[in-house]
Amino acid sequence: MHNTQDIIEEISSAATTQDRIEEIEEISSAATTQDRIEEIEEIEISSVSHHEDASLYDDDGRQKRTGTMWTTSSYIITAVIGSGTLSLAWSIAQLGWSGGLIVMIFGLLTLYTSHFLANCYRAGDPITGKRNYTYMEAVENILGGKNSIFCGIIQYANLYGTSIGYTIAAAMSMMAIKKTNCIYFSHGTKTCHVSGNHYIIWFGTIQLGFSQISNIHKMKWLSNLSTIMSFTYSLIALALGIAQISENRAFKSTIAGAEAETHAKKVWAIFQALGNIAFAYSFSDILIEIQDTIKSPLEVTTMKRATNLSITTSTIFYVVCGCIGYGAFGNSAPGNLLTAFHKPVWLVDLANLTLVIQLVGAYQIYSQPLFAFVEERITKKWEIIGKEYKVQISFLPSYNLNIFRIVWRSLYVVVSTLIAMLIPFFNDMLGVIGALGFWPLSIYFPVEMYIKQKRIPKWSRSWILLQSLSIFCLLITLAALVGSIVGVLFDIKTYKPFSASL
């Protein structure tokens with residue numbers, strides 16, 4: 001039997017100060033010494049249980065994060081190597097061979113400022129500092145004022161726009177599978193016109209199901225699958241491009257790139273190409289949300305290593321795929337490289353299928369932060385809306401059902417699907433989305449937060465260089481945005497709503 005004093009001293013190391021006070025007060029009021037000892041022994045048991053449960057949680061009380069450099073890299077690659085890869089041949093065709101260098105410059109800029117953003121995950125100390133769970137929260141805590149409102153509007157508009165772009169891209173790939181098979185089985189005797197509306201609806205229907213995954217932490221398997229799919233279709237596109245060059249026995253390309261009817265149209269096409277390249281690297285808006293999946297305590301170091309690996313890998317893929325695609329088709333390179341290939345049928349179909357699978361995961365990687373933002377704000381205001389009901393389905397893990405989550409996320413998918421049907425302009429949409437998010441999210445906020453955190457003096461050499469970089473990227477963004485909007489307006493003139501086709 002324990003000595004009463006010894007046991008009371010042991011209790012002093014358990015739980016919180018308030019818990020200890022309440023527990024000891026209860027013990028002091030017990031009838032007998034034996035009663036006190038029995039109650040203390042019960043508290044010892046509960047203290048052990050408390051400490052066992054604590055091992056399942058991080059320092060902020062949230063469920064323990066388990067992400068590693070490899071899982072983080074898979075999230076980034078899923079977000080970065082997407083449909084944007086397939087538009088790079090067209091982009092380089094507008095820019096000429098200098099396009100490959102421009103792709104690398106965008107990659108270096110993204111890598112540089114991503115390190116700034118990684119430092120914003122924890123305030124103060126990079127190991128024990130308070131966490132910022134979202135990009136918007138980091139901006140609010142570091143820059144304050146109206147910056148966070150501006151950041152939130154741009155970030156979440158960009159995320160929503162990306163989900164629309166991915167819906168269009170996935171539908172185009174499904175349409176390409178149908179068209180390729182039609183041409184093959186008709187031996188080229190049919191034009192094989194394919195309507196795209198029902199393919200857009202199919203992809204939206206798939207997203208209705210996946211959107212009910214409660215948060216990004218539970219998407220590792222989908223992210224890993226999407227990463228494999230990314231490399232698969234990129235390698236296939238690369239192989240098909242090399243085969244086409246071999247068949248042509250020459251590079252179909254020019255130094256200046258594609259010609260246009262007028263000088264103005266050439267300028268708009270160049271600007272839009274810059275927007276497409278910016279879109280290909282757009283993952284800064286979810287970087288901190290991805291970083292929040294990494295296990296403690298070295299989130300910053302792990303994030304920087306994962307970013308180095310992912311952006312380097314992506315840039316190599318981009319330059320090689322873009323240049324090979326341009327070399328294969330020259331100035332007539334299509335907006336979606338895979339639509340240019342028709343044989344071997346099985347390989348082209350496989351590439352398009354893996355692209356669709358990858359986009360299912362990428363859509364969720366970009367949508368989940370917006371889901372979480374809205375749900376957190378709503379449940380804070382009306383707590384009852386956050387109530388969950390445990391549902392058990394045979395042979396499946398239990399699911400926490402929330403009525404608001406079902407309605408809100410379903411509405412999100414339905415509206416984005418309708419917009420994709422209304423304006424299914426793949427290249428133009430990528431340009432607009434890329435331009436909209438590039439400067440504010442990839443350059444401006446990371447640079448401003450870095451200056452604030454490092455206390456860089458105004459008008460110092462470092463301050464001038466960083467601000468010059470920001471202004472230069474702002475000019476690129478404005479040019480890309482104007483060019484992409486002009487492209488949309490040109491397409492609208494000859495397009496009938498809800499009549500997507502290939």
Carefully, step by step, assess Phe279 and Thr162 under the rule side-chain contact (heavy atoms from CB on, under 4.5 Å).
CA-CA 9 Å; Phe279 176 83; Thr162 300; 4.2 Å; yes
List the residues meeting side-chain contact (heavy atoms from CB on, under 4.5 Å) with Ile419, not counting sequence neighbours, and say none if there are none.
Tyr160, Ile164, Val415, Ile423
Donor-acceptor contact present, side-chain Thr354 to main-chain Ala351, <3.5 Å
yes
Using a 4.5 Å cut-off on heavy atoms from C-beta on, say whether the side chain of Tyr444 contacts that of Thr477.
no
So Phe404 and Trp408, would you call those rings parallel, tilted or perpendicular, with 30° and 60° as cut-offs?
parallel
Given the rule in the ring pair (Phe, Tyr, Trp, His ring centres under 6.0 Å) test, do Tyr318 and Tyr281 qualify, once you have shown the distances and angles that lead to the verdict?
CA-CA 10 Å; Tyr318 284 171; Tyr281 283 104; 5.1 Å; yes
Does a salt bridge link Glu376 with Lys380, judged by any charged N lying under 4.0 Å from a carboxylate O?
yes
Please report the shortest heavy-atom distance between Pro457 and Trp463, naming the atom on each side.
O-CB, 3.3 Å
Are side-chain heavy atoms of Leu117 and Tyr135 found at a separation under 4.5 Å?
yes
Would you say Asn132's side chain and Cys120's backbone share a donor-acceptor pair under 3.5 angstrom?
yes
As an exercise, state the distance from CD1 of Ile277 to CZ of Phe106, rounded to the nearest 0.5 Å.
6.0 Å
Output yes when a side-chain donor or acceptor of Thr301 lies under 3.5 Å from a complementary backbone atom of Leu298, and no otherwise.
no
Check whether any side-chain heavy atom of Val486 lies under 4.5 Å from a side-chain heavy atom of Gln272, and answer yes or no.
no
If you round to the nearest 0.5 Å, how far is CZ of Arg131 from CD of Gln291?
9.5 Å
Do other residues, nucleotides or ligands put more than 12 heavy atoms under 6.0 Å from the CZ atom of Arg305?
no
Would you check if there is a donor-acceptor pair between the side chains of Tyr412 and Ser211 at a distance under 3.5 Å?
no
Find the distance between CD (Gln94) and CH2 (Trp90) and round it off to the nearest 0.5 Å.
4.0 Å
Crowding at CZ, Arg461 (>12 non-hydrogen neighbours, <6.0 Å)
no
Pairwise side-chain contact, Ile443 with Phe472, heavy-atom cut-off 4.5 Å (strictly under):
no
Could you pull out all residues at least two apart from Lys146 that satisfy salt bridge (Lys or Arg N to Asp or Glu O under 4.0 Å)?
none
Between Ile406 and Gln212, is a side-chain contact (heavy atoms from CB on, under 4.5 Å) present by the stated rule, with each step listed?
CA-CA 7 Å; Ile406 290 177; Gln212 296 306 318; 3.5 Å; yes
Side-chain heavy atoms of Met303 within contact of His115, under 4.5 Å:
no
Within a reach of under 6.0 Å around NZ of Lys454, are more than 12 heavy atoms found that belong to other residues, nucleotides or ligands?
no
Do the non-hydrogen side-chain atoms of Phe373 and Thr134 ever get within less than 4.5 Å of each other?
no
Do the non-hydrogen side-chain atoms of Phe445 and Thr113 ever get within less than 4.5 Å of each other?
no
Test: Glu299 and Arg65 ion pair at under 4.0 Å
no
Between Tyr233 and Ser173: side-chain donor-acceptor atoms closer than 3.5 Å:
no
Would Val360 and Leu225 count as a side-chain contact (heavy atoms from CB on, under 4.5 Å) here? Give the steps.
CA-CA 10 Å; Val360 170; Leu225 176 63; over 6 Å; no
Can you tell me how far apart OG (Ser484) and CG (Asn276) are? Round to the nearest 0.5 Å.
6.0 Å
Step-by-step ring pair (Phe, Tyr, Trp, His ring centres under 6.0 Å) determination, Phe203 to Tyr166
CA-CA 10 Å; Phe203 186 78; Tyr166 282 165; 8.6 Å; no
I'd like to know if the side chain of Asn141 and the backbone of Glu137 have a donor-acceptor N/O pair within less than 3.5 Å.
yes
Would you say the side-chain atoms of Asn308 pair up with the backbone N or O of Lys304, donor to acceptor, closer than 3.5 Å?
yes
